[in-house]
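Down below is the structure, laid out as structure tokens.
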Amino acid sequence: MATRQQNERSFTQWENLPGGGRRYFRRIAGHSGGFASYVKEVDVAENTLRFWQEIYDYHGKLTARHEKFPVDSGHQEV
């Protein structure tokens, strides 16, 4: 489990959620002009509730989502 300080260092942006939790975001540039966005939702104690990856094309259109936690569902085309 990461602390709030560790999550703030690892992720460039976040938003506060109702109930005291947070949703963290990190964007990574892709090789073909698109990007991947990693999203992590935590509760007030910074326990990870959900973690997923979103893949965007070079137009910024969401093309795929891959939920990794709590269950790894694999890539889902959007």
Original post:
CZ of R26 to CD of Q53: how many Å apart, nearest 0.5 Å?
Top reply: 10.0 Å
Original post:
Which atom pair, heavy atoms only, marks the closest approach of S37 to Y56?
Top reply: CB-CE1, 4.0 Å
Please report, to 0.1 Å, the donor-acceptor pairs under 3.5 Å made by any side chain of residues 69-78, with sequence neighbours excluded.
residue	atom	partner	partner atom	Å
D72	OD1	H66	NE2	2.7
D72	OD1	G74	N	3.1
Q76	NE2	S73	O	2.9

Enumerate, atom names and distances included, each donor-acceptor pair closer than 3.5 Å involving a side-chain atom of residues 8-20, sequence neighbours excluded.
residue	atom	partner	partner atom	Å
E8	OE2	R22	NH1	2.5
E8	OE2	R22	NH2	3.4
S10	OG	Q6	O	3.1
E15	OE2	R23	NH1	2.5
N16	OD1	R22	NE	3.1

**OP:** Sort and list the pairs that fulfil salt bridge (charged side-chain N to carboxylate O under 4.0 Å, His left out) and have at least one residue in residues 42-58, not counting sequence neighbours.
**Re:** R4-E46, R50-E67, E54-R65
Original post:
What about F51 and I28, same hydrophobic cluster or not, with Ile/Leu/Val/Met/Phe/Trp/Tyr joined at side-chain heavy-atom distances under 4.5 Å?
Top reply: yes
Subject >> Residue pair T48 / E41, side-chain heavy-atom distance below 4.5 Å >> reply: no
Subject >> Hphob cluster co-occupancy, W52 + L62, side-chain heavy atoms under 4.5 angstrom >> reply: no
Original post:
Going through the distances and angles, do V42 and L49 end up as a side chain to side chain contact (heavy atoms under 4.5 Å, CB included)?
Top reply: CA-CA 5 Å; V42 300; L49 302 174; 5.7 Å; no
Subject >> Shared hydrophobic cluster for Y24 and Y38 (ILVMFWY, side-chain gaps under 4.5 Å) >> reply: yes
